[in-house]
Amino acid sequence: MKGTVNGQELLRLEGIEKSFAHTQVLRGIHLSVNSGEFITLLGPSGCGKTTTLRIIAGLEKADAGRVFLAGEDMSDLAPNKRDVHMVFQNFALFPHMNVASNIGYSLKLKGLSRGEIKGRVAEALEMVRLSGFEERLPGSLSGGERQRVAVARALINRPKVLLLDEPLGALDLQLRRQMQQELKRLQKQLGITFIHITHDQEEALSMSDRIAVMHEGRLEQIGSAAEVYNHPKTSYVAHFVGNANILHGTVEAPEIAGNAGTLVFGHPAGHVRIQNLGAPMAPGQRLTVAIRTEHITLEIPAQKALYDREGLDATVTGKSFAGGQLRISAALTGGEEIVVSRYGVDTPLDIGDRVRVSWANTAQAVIVDREEPV
Ligand code: ATP
């Protein structure tokens, strides 16, 4: 069967399934990647990211489903017949070969002349800003330099798609941030499609054109950083990307007069107005909402207001300071825990204070799950 190229589509995964022994690791992966796109598979350890990449590279065979590149079904092609190249987390450089030999190795196997290989190696080293490093052995390079050599070795084949398996995982935080910018620059400059995997949400948000959030062998949501962050489709995505608070409650009032698309969310701790962009809901219907830690306001209410104002009642349970951010945790009446983040070093709130939880804008609480009407 031949796949069709939809506009800019370069790579397509259709219904990929994979089990190891009796454990199903991929449960029907559907993904369409555009030409020149930087896409990141984001998910926790063990969710199937590497297995997906290895199936695209041909290093692993899917039990079901097909892989198309530029409309051609390449599911049964050997890895070296696919126009893709993989960069591994541990770089996998040959320790006894110098940088030039490592980078030019695949061209040598293809039988290119020494002169041509030399020219292509110099070009690849220039791309990753390592001109002059030809004679060095991998053992004499820093982690960041080894990473650049691994990328140069992948780029020398001029693949249509570069697969990057946690390429920055072995680097310290500062170098990691620097290499993120470097990889992004390279990708834009060369126009090559990058499929990158990471479990670091910050890395995914800062580098990618689109993010595919993976959970237990499925893609839960695919979208731009802003879409995934601001409009998570499931409570899993809301929590994994940006650590949103998840609250379970019921519809207290399905709409508010003169305020279309707004409902009253009822919770054991109180009630709050929230935006409903989906189908109208009925009183009593259960729903789950996500609210970002930075959108929540905590205030000590005046005694009277404690009972008649909109908001949720909670008790402060902890506060900590890390990375320029203050994090305050509070237990809502009824048991659920929330976390609030602020820039700053201290708060007048103390552990044990009774507080009113609210947020400024009804759109800041996103409905991520709703009970279907029976
Ligand atoms: P990580 O971020 O830790 O690399 P991942 O999301 O990339 O995780 P995979 O490496 O794809 O996850 O692994 C998914 C699951 O499949 C894991 O439970 C892993 O142990 C299992 N698995 C992967 N390869 C094999 C294999 N060759 N044989 C048996 N189980 C495997």
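Worth knowing before you read on, the calculation uses all heavy atoms, side chains too, and leaves out hydrogens, waters and symmetry mates. Both counts, for ligands and for their atoms, begin at 1 and track the order of listing.
- For Arg148 and Phe133, the positive end is not near the middle of the six-membered ring at less than 6.0 Å and at most 45° from its axis.
- In this structure, Gly43 falls outside the shell of residues with a heavy atom less than 4.0 angstrom from ligand 1.
- Between Tyr236 and Phe240, the ring-plane angle classifies as parallel under the 30° and 60° cut-offs.
- In this structure, atom 3 (O) of ligand 1 lies nearest to the protein heavy atom Ser45 OG, 2.5 Å.
- Salt-bridge check for Glu294 with Arg342: failed, with every basic side-chain N at 4.0 Å or more from each acidic carboxylate O.
- Using a 4.5 Å cut-off on side-chain heavy atoms (C-beta onward), Arg153 and Ser106 make no contact.
- Under the 4.0 Å distance rule, the nearest protein heavy atom to atom 15 (C) of ligand 1 falls inside the cut-off.
- Put simply, atom 10 (O) of ligand 1 has protein non-hydrogen atoms near it, under 4.0 Å away.
- With a heavy-atom cut-off of 4.0 Å, Val25 touches ligand 1 through its side chain alone.
- For atom 4 (O) of ligand 1, the nearest non-hydrogen atom of the protein is Thr50 OG1, 3.6 Å.
- Atoms of ligand 1 found under 4.0 Å from any heavy atom of Pro44 (numbered from 1 in listed order, with element): 6 (O).
- The protein heavy-atom contact nearest to atom 21 (C) of ligand 1 is Phe20 CD1, 4.0 Å.
- Checked by atom type, the side-chain pair Asn34/Arg210 shows no donor-acceptor distance below 3.5 Å.
- Val368 is listed as a side-chain neighbour of Ser235, based on a closest heavy-atom distance under 4.5 Å.
- For atom 18 (O) of ligand 1, the closest non-hydrogen atom on the protein side is Gly46 O, 4.4 Å.
- Looking only at atom types and distance, the side chain of Thr193 has no donor-acceptor partner in the side chain of Glu37 under 3.5 Å away.
- When the heavy-atom distances from atom 6 (O) of ligand 1 to Gln24, His199, Lys49 are ranked, the shortest goes to Lys49.
- Under 4.0 Å is where a charged nitrogen must lie from a carboxylate oxygen, and between Glu220 and Lys233 no such pair does.
- For Phe38 and His196, the gap between ring centers is short of 6.0 Å.
- Not a single heavy atom of Ala21 lies less than 4.0 angstrom from ligand 1.
- Scanning the protein for heavy atoms near atom 13 (O) of ligand 1, the closest one is Thr51 OG1, 3.8 Å.
- Atoms of ligand 1 lying under 4.0 Å from any heavy atom of Cys47, numbered from 1 in the order shown and given with element: 6 (O), 12 (O).
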